[in-house]
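Here is the structure we will look at.
Residue numbers begin at 1 in each chain, while the letters A, B, ... track the order of the sequences.
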Amino acid sequence: MNIQVSRKRSAKPKGRQIDESALKEVRDLLGERPRGSDLLIEHLHLIQDRYGCLSAAHLAALAEEMRLAQAEVYEVASFYDHFDIVKEGEAPPPPVTIRVCDSLSCMMAGAEALIAELENSVAGSDVRVVRAPCMGACDKAPALRVGKAEIAPAAAEAVKARLDKGAPFEPQMPDHQTLAAYQADGGYALLARVRAGEITADALIEAFGNAGLRGLGGAGFPAGTKWKFVRGYPGPRLMTVNGDEGEPGTFKDRYYLERDPHRALEGAMIAAHAVEADRIYFYMRDEYPEVLRILADEIAALEAAGLCEKGFIELRRGAGAYICGEESAMIESIEGKRGLPRHRPPYIAEVGVFGRPTLNHNVETLYWIRDIMEKGPDWFAAQGKDGHPGMRSWSVSGRVKDPGVKIAPAGVTIRELIDDHCGGMAEGHTFKAYLPGGASGGILPASMDDVPLDFGGKLAELNSFVGSHAVVVLSDKDSVKDATLNLLKFFKHESCGQCTPCRGGTEKMVALLQKGGALDEEALRDLEAVMRDASICGLGQAAPNPVNHLLVHFREDL
Amino acid sequence: MSKTINFILDGKTVSAAEGETIWEVAKREGTRIPHLCHLDKPGYRPDGNCRACMVEIDGERTLAASCVRKPSEGMKVSIDTERADAARRMVFELLAADMPAQAESPDNQSDFWAWAGSMGISGSDRLPSKFDGAEDAGNGSRPGIHDVSNPAIAVNLDACIACNACVRACREVQVNDVLGMADRGSHSIPVFDIHDPMGHSTCVTCGECVQACPTGALYEKSLMDESGRKRAIQEFDKVVDSVCPFCGVGCQTTVYVKDNRIVQVDGRNGPANENRLCVKGRFGYDYAMSPERLTRPLIRRDDAPKAGDMDLRGVDPMTIFREATWDEAMERAASGLRTIRDRDGGDAIAGFGSAKGSNEEAYLFQKLIRQGFQTNNVDHCTRLCHASSVAALMEGVGSGAVSAPFTDALKADCIVVIGARPTINHPVAATYFKQAAKRGKKLIIMDPRRQDLMRHASHALQFKPGTDVAMLNALINVIIAEGLYDEQYVQANVEGFEALKAKVANFTPEAMSDVCGIDADTLRDVARTYATSERSIIFWGMGISQHTHGTDNSRCLIALSLITGQIGREGTGLHPLRGQNNVQGASDAGLIPMVFPDYRSVENADVRGEFEDLWGRTLSPVRGLTVVEIIDAIHAGQIKGMYIMGENPAMSDPDQNHARAALAELEHLVVQDIFLTETAWHADVVLPASAHAEKTGTYTNTNRQVQVGRPVLDMPGEARQDWELIADLAGRIGLDWNYSDISDVYTEMASTMPSLNNISWERLVGEDAVTYPADAPDKPGNEILFARGFPTPDGRGKIVPADLLPPDELPDEEYPMILTTGRLLEHWHTGAMTRRADVLDAIEPEGIAAMNPREIERMGLTAGQMIEVETRRGTVQAVLRADREVADGMVFMPFCFAESPANRLTNPQLDPFGKIPEFKFCAASVRPLPMADAAE
C-alpha cells in the first residue's frame with residue numbers, strides 16, 4: 001500500500017491555514033455587509049473587482065469570514081466564468097481582460113479573425129484576450145469589452161486605441177429615463193393605485209389574461225396564471241426578476257433597461273404587491289455593467305423617494321453563467337450557490353428562493369404591465385396577429401440590413417421581420433436560414449419563411465421555438481454546420497454539468513461534429529434522444545435542436 | 001396516518017406511502033431500476049443527476065428520474081419501455097466512454113461496472129473519450145486526475161462520473177465539508193477545499209466518500225496495486241460483521257479479510273452510525289496485524305532491574321525480558337500475586353481492567369480481584385475520563401448513564417456541547433450534531449479552544465479555561481431570574497431548587513462576564529435559548545470532567561436540565577460523551593472500586609451478600625482505591641502487586657514520572673496486553689493477549705447500546721484470549737471458575753445486572769445491538785431514561801449547587817501559560833494502537849504542542865520548530881504547531897505520543913468526588929529548544 005505523507009504536517013493543522021493579512025483584507029472589503037451565505041457571489045465580486053482575481057488566500061479567508069467551508073466557496077467561484085481563481089504559486093491574470101464575444105452573430109461578423117488579430121497584437125503580460133459568450137450586442141457585432149468598456153462593432157484598431165487611452169475601462173453610460181422623468185411622465189401612479197387597493201390583484205390577473213401577456217423570458221407561460229399559482233401557496237412569498245438575458249442573440253431586456261428602467265421596476269413592484277412578496281431579488285447578468293449601474297442608482301432613488309423600503313429590491317449580480325437564466329438555476333445563484341437547475345416538481349411557485357413560494361418574471365414581461373393597465377388589455381392583445389395576441393420585442397441580428405430590437409406583432413413571420421422591420425437582407429447576402437429563438441430554438445431553412453413566430457403552434461411541430469424572440473438570420477455565405485458547431489460549443493461551455501445527458505451529450509456532440517469525415521448520424525441521433533428525454537432542464541433538452549435541424553434541413557451543408 | 005398514493009407501475013396498480021419515490025416503490029415491488037448517483041443508503045438523499053434511472057410517465061414530455069420523482073394518484077409509470085431503456089443505456093454509454101476500460105478501472109467490481117455489465121455495455125466505440133486529445137490536458141494549474149497524496153485513499157478522476165455522491169457523503173452525511181463539485185459542464189470535478197491534493201487538504205479521511213463512490217474513483221489504497229490505479233484484491237476470504245474498537249460511539253462495521261489480514265472496513269447500518277465511520281474505524285485497523293504484537297509470554301530477566309525512568313523505545317526488549325512457556329509465565333504471574341495476598345492481605349493487590357475490553361472481560365476481571373483477593377482495589381480509565389460526571393449523575397439523577405442517545409440531537413431544537421470536541425473524539429456522533437445545525441437547530445458550543453463545530457454553531461462561546469461554573473451558574477441565574485424554569489416540573493420532580501436559587505442569586509451574567517470571558521448579552525441569549533426551546537439536550541466531555549471541580553461542573557449541567565425540565569423526553573437530556581468503546585460497559589460491569597456490577601455499592605451488606613452467595617467467598621466491605629490513589633498507595637508501600645490488563649497508566653496517568661516510579665516500585669506487576677506498552681516496561685510478567693479483532697464479546701457504547709464484536713483474525717503466535725487468561729489466573733490463585741464459552745460469562749454477568757434484564761446472549765447475537773434497559777425480550781430497549789422520575793430513593797432529581805473554585809494550579813511568573821491536554825483525531829488514547837496503525841501514524845506522525853500563531857509570533861518562535869514545555873512535574877519536547885484554535889496564553893498537547901508524553905506534565909490533583917485528575921489545566925512554560933538539544 002502506498003502511504004505518503006508530508007512531514008511538514010506537524011507545524012500546522014490539516015489543510016490550508018488562514019492567512020491573517022488576507023483575512024484582514026477580506027474583512028475590510030466586506031465592511032458592515034451581512035455575511036449570510038446567499039451573498040457569497042456578491043462578496044466574490046467585491047474581491048475580484050478589488051484585486052483582479054480570487055487568490056486562494058482570499059478564498060480561504062472569505063470562507064472563514066462567512067463561516068463556510070473552503071470547498072463551498074471554491075465550487076461556487078469556479079462555476080462562474082467571471083471569476084479568476086489564482087492558487088498559490090500561480091500568476092494572477094493580466095490587469096486588462098478583453099472579452100470577445102464568440103457567439104453566432106459575432107462569429108458571423110468576424111469574431112474569429114478579430115480574436116486572432118488581438119491575440120497577435122495586444123495580448124501580453126498586461127492584456128489577455130478571452131472568448132466569451134453572447135454579451136447582448138448582437139446588432140453591433142462583433143462585440144467585445146475591454147474591462148467593462150464595450151466596443152461594438154469592434155475592430156483591432158479601435159481596441160488598440162482604447163487600450164492606449166488607458167484605464168479605467170469603465171462602461172459608457174447610456175442616457176436613460178431617471179426616476180424624476182419617469183414620474184413626471186405619470187410613472188408609479190399605477191403602483192400607487194394598486195397599493196391603495198384601487199386595482200386588485202384579481203383585476204390585474206384578469207387584465208393580463210385578456211391581454212394575452214405571456215412570460216417573455218422564453219417559456220411563454222401566461223403571466224396572470226403564474227400570479228394565481230403563487231398566490232395559491234401560503235406565504236411568506238418572494239419575487240425574483242430574471243435579468244440573466246443570456247440566450248445568444250437576445251438583447252431586448254438590455255435595450256429596455258438602458259432606456260426606461262423604471263417601467264420594469266414599477267411592473268416588478270406591482271407584481272410583488274399582487275402576490276404579497278416580502279422582497280424582490282433582481283438578478284442581473286454581469287455582462288451588462290451599464291444596466292447594473294442604472295439599476296443600482298435607480299433602486300437607490302426609489303428608496304430615497306420612499307417608493308420602496310430599503311432593501312426591498314435587492315440587486316444581485318450574475319457572474320457569467322448562461323444557465324442562471326433558467327429560473328431555478330437563477331434561484332440557486334441568488335442563494336449563493338452554483339447555478340444548478342432544480343428538479344421539478346416542486347415548481348418555484350411553491351418552493352422557490354430560500355424554499356419559499358416565488359414569483360419569477362422576465363424583465364420584459366414586467367415592462368408591459370404599465371402599458372397594459374394604462375391602455376387596456378385589448379389594446380395590447382390587438383398588437384398581435386390573428387390568434388397571436390400581443391406585441392413582442394424581437395432581437396434581430398445576423399445578415400439583415402438593419403438589425404436591432406424590433407417591436408412587432410406576435411405571430412409575425414421571418415419574411416416580414418426581415419423585409420418590413422429590418423430593411424431587408426444585408427447587401428450581398430441571400431436569405432438561407434434563421435434561428436427563431438436564439439441558440440436553443442433550432443435552425444429553420446429560408447423555405448419555411450411563412451411560419452408564424454409565436455409560442456407553440458407550427459413552430460413546435462418543427463421542433464423549434466421562439467423562446468426569447470432572438471432571431472438570427474443566416475445567408476448563403478454562412479455554413480449551417482459551422483453555425484451548429486458554434487451553438488453546440490456554446491451549450492457545452494454553458495452546461496452546468498449536473499446531469500449526464502447534457503454534460504456528456506453537449507461535449508460528445510461537439511466532438512462528433514468536429515471529427516473529420518462523415519458525421520456519425522446514428523450516434524448524434526442517439527445523443528439527441530437521451531438529451532431531449534433525460535436532461536434535467538431545458539438547456540440539455542433543447543441543445544440538440546440545431547443538430548436535429550442540420551441533419552433534417554441542411555444536408556447540403558454536411 | 002399518512003396517506004397512500006395509488007399509481008400504475010408497468011401496468012400494475014401499486015401504492016406508495018407519502019414521500020416515497022417511484023424508485024423505492026419499484027424496489028419494493030421487486031424491480032431494481034439502474035442507479036448510480038442514488039445510493040439507496042441511510043442519510044443519502046436521492047439527487048437525480050446521473051439519469052440512469054429514467055422512467056416514462058404518461059402525459060409527460062420528458063422522462064423522469066425515478067429516484068427523485070414521487071408518484072401522484074393515478075399516474076401511469078413505465079420502467080420497461082424502449083424509450084426509457086434507450087435513455088438509460090445511453091447514459092451508461094456516455095459515462096463509459098470517458099472511463100478507463102473495466103480491467104483498467106480503479107475498481108473493476110464497482111456498482112458502475114455491475115450495472116453496465118448487466119446491460120452489456122463495456123465502453124463506447126463511437127463516442128470519443130473526453131480525455132482524448134488536448135482539450136483536457138489542463139493548463140498546468142490543475143492537479144492531475146490521479147492523486148495519491150492521501151495515505152489511505154487513491155483518487156482516480158478518470159473514473160469519476162460527477163454524480164455528486166462523494167460531495168453528499170462529505171457535506172450532508174459526515175458534514176466534514178471538504179469536498180465540493182467545482183467547475184462546470186464536462187469539466188465538473190470533485191475537489192478538496194480549493195482544488196487541493198486530497199492529502200494536503202482539510203480532509204479528515206473518514207472515507208465516507210470512498211464508501212459512497214459508485215465507480216472507485218475514490219477508493220481504498222489497501223485494495224489496490226502499488227500505484228493506486230487498479231484494484232488488486234479481487235475477493236475476500238471472509239467478511240465479518242463487527243463493531244469498531246475505538247471510541248464510545250460504537251460504530252458497527254463490516255470487516256473484509258484476505259490472507260488473515262484485514263484489508264477493508266466499511267460502516268454498517270448500526271443504531272449509532274448508520275454506515276458512517278471515522279478515520280480510525282475505517283483505516284486504523286492494522287495495529288492488530290503489527291509486527292510489534294506480543295506473540296509469546298515474557299518474564300522479566302533477573303538481571304533487568306526496574307526503574308521509573310526507563311525508556312525502552314528503540315531498545316531490544318529481550319535485554320529486559322525472556323520468552324517463557326505459558327505454564328511458566330502463568331505460574332509466575334499467579335504466584336507473585338498469591339505471595340503478596342497471603343503475606344500482606346488482599347488489599348496489597350490492585351487491578352486495572354480496561355475499557356477497551358469486552359463486558360465479559362471487565363466482569364471477569366473485577367470478579368477475579370474481588371473474589372480472588374477480597375479487595376475492591378479495581379479500577380480502570382473511566383477514572384480519568386468521566387468519573388466526576390458519573391459521581392454527579394449518580395448523586396443527581398441516580399444513574400451514571402446517558403439519558404438519551406446522541407442521535408437525539410436530530411430531534412432536539414437546541415443542542416449544547418460543552419467541554420467536548422466531538423469532531424475529534426466522537427467524529428460520528430459529531431456528524432449528527434452538524435446535521436442538526438444544518439437543519440437550523442440551535443447549536444451552542446462552549447469550549448476554551450475554538451473548534452470545528454463552532455462554524456456550524458448558532459452560539460460559539462470560547463470561554464476562559466476553568467471558569468465553567470461561573471459561566472453555567474450565570475445561565476442558571478438568568479433562567480431563574482427571568483422565570484424561564486419549568487415550575488411544574490421542578491415541583492413534581494426536583495429537590496434543592498431553593499438552595500440553587502439562593503446560590504446563583506449573585507451569579508448575574510454581568511458579574512460573571514469578566515470571570516468567564518463571555519459577554520452578558522450572549523450569556524442571556526444562551527440561557528434563554530436553552531430554557532425556552534421545546535427540546536434541549538446537553539452533551540459534554542472531558543473539558544467538564546477533567547478538573548478538580550469536575551463534579552461541580554457536571555452538577556451545573558444537571559441543574560440546568562432539571563430546572564427547565566429538559567430531560568426525560570426525546571431530544572432532551574444529559575449525555576456525557578463516553579470515551580472508550582466500552583467505558584460504559586466496563587463501568588456497568590463493576591470495574592469500579594466502589595461498586596459491584598450495575599453500580600451497586602460494595603458497602604451495602606445486602607448487595608454484598610448477593611455477590612457472596614453467587615461467588616462463594618467473603619467479599620471486602622470497603623471501597624477500593626481509585627487509579628491515582630492506587631499509584632499513591634504504591635509509593636506509600638500499601639500496594640505491592642498489580643494485575644493490569646489492557647491499560648497503559650504509564651502514559652495515561654497524570655504526573656507520569658510519579659506514576660512510572662510507582663509501577664517500577666511494585667514487587668510484582670503482571671501486564672496483559674497486545675503490545676509491550678510503556679506500562680509493560682515495568683512488568684515482571686507480560687501476557688500476550690487478544691486484539692479486539694480476534695475475539696468475541698459485547699461492548700456497550702455511550703448510547704447504552706450493547707453490541708457484538710466478532711473475531712476476524714487469528715491471534716498471532718502464542719497469544720491467547722484475554723478472558724481465558726483471566727480464568728487461567730483465577731484457577732491458579734485458587735478460584736474454581738468454569739466457563740466453557742464467553743457466552744457463559746455474559747449470562748452470569750447479566751444475571752447480576754438488572755439493567756440487562758431481557759437482553760440474552762442469543763438476543764444480542766441475533767440483533768447485533770440492543771439498548772438497555774429493555775422492558776421485554778421482544779421489545780426494543782428504552783432510548784430515553786427518566787420519563788417518569790428518577791431512580792433515586794425518592795424518585796426526584798437532586799440539585800447540588802456549585803461554587804466557584806479556581807483550578808488547582810494557576811499560571812504565575814515562572815509558569816505563565818496554561819497547559820491543557822487532549823486527543824488528536826487520528827490517535828486513540830495513549831497511542832498504543834494508533835501509533836501502530838500506518839495510515840493514522842502517517843497523518844499524525846510525531847509529538848506536537850499547539851499554540852496560537854499570534855502567541856507563537858509574540859514569543860519569537862516558529863511553527864515546526866522543537867520546543868520544550870515545562871511544568872512543576874517535568875519537561876517534554878515536542879514540535880510546535882501553529883493552531884488558531886488554541887487561545888492566547890494556552891498550550892495544547894495530545895497525550896498519545898510516547899516521545900512527547902504530555903502526562904509527564906499534568907497535575908495529579910484530584911476532584912474530591914470523582915477522584916479524577918485535572919488533566920485540562922495546569923501552569924506551564926514554553927521555550928525554544930536549541931537545535932543541538934533537539935534529540936529527535
Side-chain angles (χ1 to χ4, degrees), chain A residues 1-18 20 56 59-60 67 69-75 78-79 85 87 90 321 338 343 492-501 503-508 511-512 515 520 522-523 526-527 529-530 532-536 541, chain B residues 48-51 54 62-63 65 68 83 86-87 90-91 94-95 97 126-128 130 141 148-149 151 162 177-188 191-196 199-204 221-222 226-228 455 838-839 842-843 845-846 848 863-864 879 881-884:
Chain A
M1 186 159 94
N2 179 4
I3 293 181
Q4 298 180 350
V5 76
S6 155
R7 288 271 154 182
K8 276 187 250 162
R9 259 285 287 125
S10 296
K12 62 180 188 61
K14 296 177 185 73
R16 177 179 292 92
Q17 299 301 299
I18 303 301
E20 295 291 344
L59 290 177
R67 301 211 299 168
Q70 291 183 27
E72 289 176 287
V73 172
Y74 179 80
E75 65 176 7
S78 66
F79 183 87
I85 297 165
K87 290 193 64 183
E90 291 176 0
R338 307 167 77 223
H343 295 282
K492 176 189 165 190
H493 184 254
E494 298 298 336
S495 166
C496 81
Q498 181 181 200
C499 69
T500 308
R503 180 184 71 241
T506 53
E507 185 259 330
K508 299 300 176 216
L512 290 177
K515 219 167 82 176
D520 185 342
E522 192 190 337
D526 286 348
L527 287 171
V530 75
R532 254 187 226 300
D533 281 345
S535 293
I536 292 175
Q541 291 162 12
Chain B
N49 69 62
C50 75
R51 318 305 273 180
M54 303 309 281
T62 58
L63 303 175
V68 285
R83 186 175 163 218
M90 201 60 201
V91 162
L94 270 168
L95 295 172
R126 54 185 187 157
L127 302 179
K130 72 173 177 181
S141 67
V148 290
S149 59
D177 293 354
V178 179
L179 269 161
M181 188 61 75
D183 226 317
R184 70 182 192 210
S186 54
H187 299 283
S188 296
V191 296
F192 302 89
D193 292 344
I194 299 180
H195 210 155
D196 297 320
H200 303 165
S201 73
T202 56
C203 169
V204 291
K221 284 182 175 176
S222 58
E226 234 356 77
S227 68
R455 184 166 71 77
D838 287 349
V839 166
I843 301 175
E846 57 192 340
I848 58 125
V879 177
R881 172 172 294 179
D883 186 345
R884 298 172 85 244

Task: Sidechain-backbone polar pair: Ser186(B) side chain, Gly504(A) backbone, donor-acceptor under 3.5 Å - done: no
Open item on the list: Could you measure the distance from the CD1 atom of Ile536(A) to the CZ atom of Arg51(B)? Nearest 0.5 Å is fine.
Closed with: 4.5 Å
Open item on the list: Between Asp533(A) and chain B, with a heavy-atom cut-off of 4.5 Å, which part of the residue counts as in contact: side chain, backbone, both or neither?
Closed with: both
- [ ] Output yes when a side-chain donor or acceptor of Lys14(A) lies under 3.5 Å from a complementary backbone atom of Ile843(B), and no otherwise.
- [x] no
TODO: Select one option (side chain, backbone, both, neither) describing which atoms of Arg455(B) are under 4.5 Å from chain A's heavy atoms.
DONE: both
Open item on the list: Once rounded to the nearest 0.5 Å, what's the spacing between atom OG1 of Thr202(B) and atom CD of Gln17(A)?
Closed with: 9.5 Å
TODO: Evaluate the side-chain proximity of Leu94(B) to Leu527(A): yes if any heavy-atom separation is below 4.5 Å, no if none is.
DONE: yes
Task: Arg503(A) vs Leu95(B) side-chain heavy atoms within contact, under 4.5 Å - done: yes
Open item on the list: Is Val91(B) close to chain A through its backbone or its side chain, or both, or neither, when contacts mean heavy atoms under 4.5 Å?
Closed with: both
- [ ] Heavy atoms only: give me the nearest Val191(B)-Tyr74(A) pair and the separation to one decimal.
- [x] CG2-CD2, 3.7 Å
- [ ] Name the region of Ser535(A), side chain, backbone, both or neither, that has any atom closer than 4.5 Å to a heavy atom of chain B.
- [x] backbone
Task: Minimal non-hydrogen separation, Val530(A) against Ala87(B), with atom names - done: CG2-O, 3.5 Å
TODO: Name all residues meeting the salt bridge (charged side-chain N to carboxylate O under 4.0 Å, His left out) criterion together with Arg16(A); count only those two or more places apart in sequence or in a different chain, and write none if there are none.
DONE: Glu88(A), Asp196(B)
TODO: Heavy atoms only: give me the nearest Ala71(A)-Gly180(B) pair and the separation to one decimal.
DONE: CB-N, 3.8 Å
Task: Proximal component of Gln541(A), with respect to chain B [non-hydrogen, under 4.5 Å] - done: side chain
- [ ] For residues Ser188(B) and Cys496(A), report the shortest heavy-atom separation together with the two atoms involved.
- [x] OG-O, 3.7 Å
Open item on the list: For the backbone of Ala97(B) and the side chain of Lys508(A), can you confirm whether one donor and one acceptor N or O come within less than 3.5 Å of each other?
Closed with: no
- [ ] Under 4.5 Å, counting heavy-atom pairs only, tell me which of Ala863(B), Ser201(B), Ala86(B), Gly864(B) racks up the most with chain A.
- [x] Ser201(B)
Task: Interchain contact, Ala56(A) with chain B, by part (heavy-atom threshold 4.5 Å) - done: both
Open item on the list: Looking at Met181(B), is its backbone amide N or carbonyl O close enough to the side chain of Glu75(A) to form a donor-acceptor pair, meaning the two atoms are under 3.5 Å apart?
Closed with: yes
Open item on the list: So, using salt bridge (charged side-chain N to carboxylate O under 4.0 Å, His left out) as the criterion, who are the partners of Arg338(A) when residues are at least two apart?
Closed with: none
TODO: List the atom of Asn49(B), the atom of Gln498(A), and the distance in Å for their closest heavy-atom pair.
DONE: CB-O, 3.3 Å
Task: Under 3.5 Å: donor-acceptor pair, side chain of Arg184(B), backbone of His493(A) - done: yes
Task: Minimal non-hydrogen separation, His195(B) against Lys87(A), with atom names - done: O-NZ, 2.6 Å
Open item on the list: Tell me if a side-chain donor or acceptor on Ser495(A) pairs with a main-chain N or O of Gly185(B) at a distance below 3.5 Å.
Closed with: no
Task: Rounded distance [0.5 Å steps], CG in Asp177(B) versus CD in Glu72(A) - done: 5.0 Å
Task: Options Arg67(A), Glu494(A), Lys515(A), ranked by heavy-atom pairs under 4.5 Å with chain B, top entry - done: Arg67(A)
Open item on the list: Please rank Pro13(A), Cys499(A), Pro501(A) by heavy-atom pairs under 4.5 Å with chain B and give me the top one.
Closed with: Pro13(A)
Open item on the list: Between Val68(B), Val879(B), Ile194(B), Ile848(B), who has the most heavy-atom pairs with chain A when the cutoff is under 4.5 Å?
Closed with: Ile194(B)
